[in-house]
Amino acid sequence: MKPACTLLLRGLLAGSMLWLGACAVRAQADDAQPMPESSITLERSTCFGNCPAYRVTVTAAGQVSFTGQAHVQTMQATGQVTPTQLAAIHDALARADFDAMQASYVSRNDGCGMIMTDQPGIRITVENPGGSRSVDFYLGCTGPAAEAVRPRIEQLANSIDQQLGTRRWIGTPKPPGAVEHVER
């Protein structure tokens, strides 16, 4: 064969291989699961008393960061969770129908018929490449809209806490008025 024909044949063969490889990669990408959330954050706010206040975030890679604000034994911590624990959080988000919740349940404009003061709040934020979605729920909010969501948001927050193991950083809250004893 002439050198020009050999080069042309090799070029066609290489181009065909690249094209077939691109098709195979594209088919695998189409079959893959949707991209998981980049991070999920749970924030709990203080109350009139000793409610633990903190912020805990988990990334899609399973990295956990905890920042204590009040009534916790640890102020800064990090950890790691397994893919199974991440999957459990994603399942809890789906069971709670997180995407169907309104963004806020904190005022009369949000459907709170009556608002009790001095209660803690829960904020859950899901961030992904498509954007961010938060639900802010004040536990003092009452009324039909809040009562329909309350069990779901509380269960979701508890599931996130459980899967991320936040109890190890929160510790055991002391009863109101309890005096801490210090060894001398």
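Because only heavy atoms are used, hydrogens play no part in the values below, and waters and symmetry mates are left out as well, while side chains stay in. For clarity, every value in this text was computed on a predicted model and none was experimentally measured.
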Phe66 side chain near Thr57 side chain, heavy-atom distance below 4.5 Å
no

Over all atoms of both residues, closest heavy-atom pair of Gln102 and Asp110:
NE2-O, 2.6 Å

Taking atom CZ of Arg152 and atom CG of Leu93, what is their separation to the nearest 0.5 Å?
12.0 Å

Side-chain polar contacts of residues 113-125 - donor-acceptor pairs under 3.5 angstrom, sequence neighbours left out - could you list them?
{"residue": "Arg123", "atom": "NH2", "partner": "Asp136", "partner atom": "OD2", "Å": "3.2"}
{"residue": "Thr125", "atom": "OG1", "partner": "Ser134", "partner atom": "OG", "Å": "2.7"}

Within 45° of the six-membered ring axis of Phe137 and under 6.0 Å from that ring's centre, is NZ or CZ of Arg150 located there?
no

If you look at every heavy atom in Trp169 and Thr78, which pair is closest and at what distance?
CZ2-O, 3.6 Å

Tyr54 pairs by side-chain hydrogen bond (donor to acceptor under 3.5 Å, both in side chains) with which of Thr74, Asp161, Thr67?
Asp161

For residues Met101 and Ala96, report the shortest heavy-atom separation together with the two atoms involved.
CE-O, 3.3 Å

In sequence, state the C-alpha distance, the side-chain angles, and the governing distance for Asn128 and Ser38, and then conclude on side chain to side chain donor-acceptor pair (under 3.5 Å).
CA-CA 5 Å; Asn128 60 39; Ser38 297; over 6 Å; no

If you take all heavy atoms of Leu42 and Ala157, which pair is closest and at what distance?
CD2-O, 3.6 Å

Evaluate Tyr105 against Ile153 for side-chain contact (heavy atoms from CB on, under 4.5 Å), listing each step before the verdict.
CA-CA 11 Å; Tyr105 299 86; Ile153 196 82; over 6 Å; no

Go through Ile40 and Thr59 one step at a time and tell me if the side-chain contact (heavy atoms from CB on, under 4.5 Å) criterion holds.
CA-CA 7 Å; Ile40 300 168; Thr59 67; over 6 Å; no

Say you draw a straight line from CD of Gln63 to CD of Gln80; how long is it, rounded to the nearest 0.5 Å?
5.5 Å

If you round to the nearest 0.5 Å, how far is SG of Cys141 from CD of Glu147?
7.5 Å

Determine the minimum heavy-atom distance between Ala53 and Thr46, stating which atoms define it.
CB-CG2, 3.3 Å

Can a side-chain donor-acceptor contact be found between Gln162 and Ser159 if the only test is distance below 3.5 angstrom?
no

Side chain proximity check, Val81 to Leu86, heavy atoms < 4.5 angstrom
yes

In this structure, CG of Leu156 is separated from CZ of Arg95 (nearest 0.5 Å) by 8.5 Å

Look at the side-chain heavy atoms of Ile, Leu, Val, Met, Phe, Trp and Tyr, link any pair under 4.5 Å apart, and say whether Val149 and Tyr138 land in one connected group.
no

Could you go through Asp99 and Arg133, starting from their C-alpha distance and side-chain angles, then the distance that decides it, and tell me whether this counts as side-chain contact (heavy atoms from CB on, under 4.5 Å)?
CA-CA 8 Å; Asp99 289 333; Arg133 168 128 171 74; 4.0 Å; yes

Nearest heavy atoms of Cys51 and His71, plus distance in Å
O-CD2, 3.4 Å

For Gly165, is there any backbone N or O sitting under 3.5 Å from a side-chain donor or acceptor partner on Arg168?
yes

side-chain contact (heavy atoms from CB on, under 4.5 Å) assessment of Phe98 paired with Val126
CA-CA 9 Å; Phe98 181 77; Val126 176; 3.6 Å; yes

